[in-house]
There are 2 protein chains.
Amino acid sequence: MKRSPKLTKQKIVEAAVELFDSQGFDGTTVRQIACKAGVNVALIAYYFKNKKGLLEYVMVEYYEALFRKLDGCRHDTEWESLYDLLRHMLESLVRFQSEFYQVTRLIHRELSVESMLGREIMSTYLAKLKHYFAAVIEEGVEEGEFPPLQVEGVVIQLMAITSFPYTYPQIIREVFYLEPLDEQFVEQMVHYTYDFLHHMMTPLNTFR
Amino acid sequence: MKRSPKLTKQKIVEAAVELFDSQGFDGTTVRQIACKAGVNVALIAYYFKNKKGLLEYVMVEYYEALFRKLDGCRHDTEWESLYDLLRHMLESLVRFQSEFYQVTRLIHRELSVESMLGREIMSTYLAKLKHYFAAVIEEGVEEGEFPPLQVEGVVIQLMAITSFPYTYPQIIREVFYLEPLDEQFVEQMVHYTYDFLHHMMTPLNTFR
DNA sequence: GTCTATATAGAGATAGAC
DNA sequence: GTCTATCTCTATATAGAC
């Protein structure tokens, strides 16, 4: 029986994302994926070469879409200050991670194991992501819009805050009894990052 | 050939921690563990029932030690204010995560897959961890030492900031070119959390 | 407490028909 | 583009000797 190739490929990807997300890459078998997608096992090799190729496809697709969205912040929307742009970008990042929460979690998890693929993803996409934010902050500092900041430190903390609820959604659910995918929670998250940013822009009084 | 049982058990644990950390639980085989530990494969079943039992042992040991350390903050050291206590506890948490960085990373990774074990760890140890910090903050708010705070939100962000470098050390290394295990970096991390705390204790001006 | 040997099952990948 | 059948390898776990 012939099927639309586009549909089959997409069904495989969707099944893989769900299973990789919930069980991990190594914890998932190609047979499970094929079964969940309702297609034959051999088709995974046909479309993606092998299981690892499927993972790579998912990761690359995710980051390409993310950067398209972040580029949109810079070019398609109006912003009157770098501070404003930074907020746009952070909100986009949070919302993107929330929208594709399964891929977000599976990528972060696989990034935490030592592997060639992980290293490649980091050296290309994560380095790029860092640069996107660091560049705006540096520009703001140079132009005097922002106070002198330790840019790298700010970016690390922004990454930490924005990613935590989407890499550990079960902690949010089972320890804090909140639903990380609710629009309400997403708005909270966006506010947290705004507040954090605002505090970073406000010089510390002598206290510590 | 007979060996000291204590030594054998410990060798297995150490080998398992290294391998689980670098390759993930599912990505590690009991044979690799036995080989690295220099002991026979069957001894893993003898001491830990099975591979999962070994993981559980590692996780429980880690959290028990962490809470012993945090309890020490409350009782063994002097602190003049809740703010001061909170700082002590946060520094302890950061330093503990840094000291046992391998277990820190492997636990967080395994927490991010859906499993019975993960759920149990969260409902016991992570809930307890949250409570340790939330309790101090709530006390500070009630006694008027702290401004009114959204306690849960603060705790989430503290967890995010303090854990990020130790769950993604390779990001710190390969994207930011910093060494997360250096004392210098640890001190930076401690300062970040202090600053964050300080900012949280400082009411926001109207800006957003 | 430690070992060898093995039972049992399940993995990923592919050849080749349709 | 899809399928069946199978090859090959490797996994965990255990039984039972020492």
Side-chain angles (χ1 to χ4, degrees), chain A residues 1-61 106 109-110 113-118 120, chain B residues 1-59 61 106 109-110 113-118:
Chain A
M1 204 215 294
K2 314 236 173 193
R3 223 180 289 258
S4 159
K6 178 82 199 216
L7 241 174
T8 298
K9 195 172 177 183
Q10 205 47 40
K11 287 217 115 196
I12 293 172
V13 169
E14 282 161 22
V17 164
E18 267 191 46
L19 290 165
F20 287 165
D21 170 50
S22 60
Q23 307 178 339
F25 178 74
D26 287 320
T28 300
T29 73
V30 290
R31 290 189 147 75
Q32 286 178 308
I33 298 169
C35 179
K36 178 152 220 156
V39 305
N40 190 279
V41 213
L43 292 173
I44 290 171
Y46 178 75
Y47 283 110
F48 303 98
K49 172 126 179 111
N50 52 33
K51 191 177 143 188
K52 206 182 127 193
L54 175 49
L55 174 64
E56 196 168 348
Y57 178 90
V58 169
M59 290 181 162
V60 169
E61 222 190 13
L106 84 86
R109 183 195 300 127
E110 298 312 324
V113 307
E114 312 280 356
S115 71
M116 272 301 297
L117 182 53
E120 280 165 24
Chain B
M1 204 218 293
K2 316 236 172 193
R3 221 180 292 257
S4 160
K6 180 80 200 223
L7 242 174
T8 299
K9 195 172 177 183
Q10 205 47 38
K11 287 217 117 197
I12 292 172
V13 168
E14 280 162 22
V17 164
E18 266 191 47
L19 291 166
F20 287 164
D21 171 49
S22 60
Q23 307 179 337
F25 178 75
D26 287 321
T28 300
T29 73
V30 289
R31 288 190 148 71
Q32 285 178 309
I33 297 170
C35 178
K36 178 152 221 156
V39 305
N40 188 279
V41 214
L43 291 174
I44 290 170
Y46 177 75
Y47 283 110
F48 304 98
K49 172 131 180 106
N50 53 33
K51 192 177 142 187
K52 206 182 126 194
L54 176 50
L55 174 64
E56 196 167 348
Y57 179 90
V58 169
M59 289 180 163
E61 222 190 12
L106 84 86
R109 183 195 301 127
E110 298 313 324
V113 306
E114 313 279 355
S115 70
M116 270 300 298
L117 182 54

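Since the model is a prediction, treat every value here as computed from it, not as a measurement. Just so we're on the same page: letters track the sequence lines, and every chain starts at 1.
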**Report entry** Side-chain heavy atoms of B/Leu54 within contact of B/Ile33, under 4.5 Å
**Finding:** yes
Report summary line: Here the gap from A/Tyr47 atom OH to A/Gln10 atom CD, rounded to the nearest 0.5 Å, amounts to 11.0 Å
Query raised in the report: Between C/dT2 atom P and B/Ile12 atom CD1, what is the distance in whole Å?
Result: 8 Å
Query - Any B/Phe48 side-chain heavy atom under 4.5 Å of B/Leu55 side chain - result: no
Report summary line: Value for CG (B/Leu106) from CG (B/Leu19), rounded to nearest 0.5 Å, stands at 10.5 Å
Query raised in the report: What is the distance from atom CD of B/Glu110 to atom NZ of B/Lys52, rounded to the nearest 0.5 Å?
Result: 12.0 Å
Query raised in the report: Are A/Thr8 and D/dG1 close enough that a side-chain N or O sits under 4.0 Å from OP1 or OP2?
Result: no
Requested in this report: Please determine if a side-chain N or O atom of B/Tyr46 lies less than 4.0 Å away from the OP1 or OP2 oxygen of D/dT14.
Outcome: no
**Report entry** Separation of C/dT2 P from B/Phe48 CZ (nearest whole Å)
**Finding:** 12 Å
**Report entry** Partner of B/Glu18 under side-chain contact (heavy atoms from CB on, under 4.5 Å), chosen from B/Lys36, B/Gln23, B/Gln32
**Finding:** B/Lys36
Enumerate all atom pairs, one protein N or O and one N or O from nucleotides 12-18 of chain C, separated by less than 3.5 Å.
residue: C/dG12; atom: OP1; partner: A/Thr28; partner atom: O; Å: 3.4
residue: C/dG12; atom: OP1; partner: A/Lys51; partner atom: NZ; Å: 3.0
residue: C/dG12; atom: OP2; partner: A/Val30; partner atom: N; Å: 2.9
residue: C/dG12; atom: N7; partner: A/Arg31; partner atom: NH1; Å: 3.1
residue: C/dA13; atom: OP2; partner: A/Lys51; partner atom: N; Å: 3.2
residue: C/dA13; atom: N6; partner: A/Arg31; partner atom: NH2; Å: 3.3

Report summary line: Taken to the nearest whole Å, CG/B/Leu43 to P/C/dT2 is 5 Å
